[in-house]
Amino acid sequence: MTQTYDVALIGAGMAGASLAAELAPQARVLLAEAEAMPGYHATGRSAAFWEECYGGPAVVPLTLASGRYLRDHGLLSPRGALYIARARDEGEIDAFMARFAASGVQIDKVGRSALEQRLPGVRPEWTMAIAEPACADIDVAGLHQHYLARARSRGAELRTSARLEAVEREGAGWRLSFGRAGEARARVLVDAAGAWADEIAALAGARPLTVTPYRRTVSQLRVDPAPAADLPLVLDIAGGFYFKPEHGKLWLSPHDETPSAPCDAAPEELDVAIAIDRFEQVVDWRVAAVERKWAGLRSFAPDRLPIYGFDPAREGFFWFAGQGGFGIQTAPAAARLAAQLLLGLPKDAMTEQLDAALYAPARFG
Ligand SMILES: Cc1cc2nc3c(=O)[nH]c(=O)nc-3n(C[C@H](O)[C@H](O)[C@H](O)COP(=O)(O)OP(=O)(O)OC[C@H]3O[C@@H](n4cnc5c(N)ncnc54)[C@H](O)[C@@H]3O)c2cc1C
């Protein structure tokens, strides 16, 4: 017999899992995931930081609003961040400071001696930085498991190896076909499919919003000297790299953004080599080995803001997509806000500062 749900969410990465947990106390929820393991795509491949400025000023409120929940659940550990710059990048430092001046984040301009202290071995051409002390590491797997467990304990059904293959309108809801994983009916269909968000929209007869996946590469390096455990997250103010320590090793990214079709993303040797070349221009440490490398897809709407809300033209179709490079650090507030929008509930202490119109699909006309 075909089961009937209030809400069917497509995709059990961070987006789908967090929203399922928020909806489950008030709705019969199906969380459907194409892969055998939830978290196999972007969610399982992140660099695991909570960085207040990441994503720009319009994402800051989502990140800040999520901070307390993450801290209360023991999922953040202090790291600190430094946006580093050469003399020629001074304009970028000032522009960055001005851009975030009214955003509520704590950022401070620091000079060469503070930089040397936080990043021993930094080459002489790096002359200044912006320090962001509140930056933290996130326990991504812990957060994802927290939401999956919470969703299940509140009655949501997780169906894995269940790829949505066909959708049709049936009465006031949807009839969903997952191939060999069966069928389901639901009143609301939530698109939490990450890089596949536009494909799900097209399947459901909604207008795709040009959610574009971009590949991002990370490699794990053995470096000499080994990075101190309290090394901050170090980012290039000009956007050419970031790196941070991870259990005595270094995670390094060239900050690449290569457009891609939705897929099981794999790292390119060239991107790893570019990252190492840029890294060697920052510090005098020796790269002893590339131990591991991976890539994932970060999916953005054209204005690079996330999309939360009902589609204005396709009844019963709810967008929860375009989480870009900030889908982990914004997950608690994003999921709470989306649940409120979907269920017609008022805002609460976590979401009261958020402007839902910024993220509404209706902004695309
Ligand atoms: C290298 C890298 C570093 C990052 N670093 C950070 C960071 O430090 N901090 C941060 O906050 N964010 C970071 N991000 C971004 C973050 O990982 C994403 O924003 C987040 O994981 C997106 O979650 P999601 O659930 O939308 O997507 P996904 O995790 O990709 O989940 C979407 C799911 O939908 C499923 N799906 C697709 N089609 C179907 C279908 N037809 N039927 C059923 N299921 C389907 C897929 O199998 C997939 O599991 C990083 C991303 C990358 C790639």
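Start at 1 with the first residue, then count along the sequence. All ligand and atom numbering here is 1-based and tracks the order in the structure.
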Open item on the list: What I'd like to find out is whether the side chain of V122 reaches to under 4.5 Å of the side chain of V234, using heavy atoms alone.
Closed with: no

TODO: Taking only heavy atoms of the protein into account, state which residues are under 4.0 angstrom from an atom of ligand 1, in chain and number order.
DONE: I10, G11, G13, M14, A15, A32, E33, A34, E35, H41, A42, T43, R45, S46, A47, A48, F49, A162, R163, L164, A192, A193, G194, W196, I200, R216, V218, Y242, G296, L297, R298, Q323, G324, G325, F326, G327, I328, Q329

TODO: Return the set of residues passing salt bridge (charged side-chain N to carboxylate O under 4.0 Å, His left out) with R86 (not counting sequence neighbours), or none when no residue passes.
DONE: D89

Open item on the list: According to side chain to side chain contact (heavy atoms under 4.5 Å, CB included), who are the partners of H144, at least two apart in sequence or on a separate chain?
Closed with: M14, A17, P38, T43, L148

Task: Within-4.5 Å side-chain heavy-atom neighbours: E268 and R215 - done: yes

Open item on the list: Would you say Q329 and T63 are linked by a side-chain donor-acceptor pair, where the criterion is simply a distance under 3.5 Å?
Closed with: yes

Please tabulate, one pair per line, all N/O donor-acceptor pairs under 3.5 Å involving side-chain atoms of residues 355-365, not counting sequence neighbours.
{"residue": "D355", "atom": "OD1", "partner": "A357", "partner atom": "N", "Å": "3.1"}
{"residue": "Y359", "atom": "OH", "partner": "A58", "partner atom": "O", "Å": "2.7"}
{"residue": "R363", "atom": "NE", "partner": "D303", "partner atom": "OD2", "Å": "2.6"}
{"residue": "R363", "atom": "NH1", "partner": "P306", "partner atom": "O", "Å": "3.2"}
{"residue": "R363", "atom": "NH1", "partner": "Y359", "partner atom": "O", "Å": "3.1"}
{"residue": "R363", "atom": "NH1", "partner": "A360", "partner atom": "O", "Å": "3.2"}
{"residue": "R363", "atom": "NH2", "partner": "D303", "partner atom": "OD1", "Å": "2.9"}
{"residue": "R363", "atom": "NH2", "partner": "D303", "partner atom": "OD2", "Å": "3.4"}
{"residue": "R363", "atom": "NH2", "partner": "L305", "partner atom": "O", "Å": "2.9"}
{"residue": "R363", "atom": "NH2", "partner": "P306", "partner atom": "O", "Å": "3.2"}

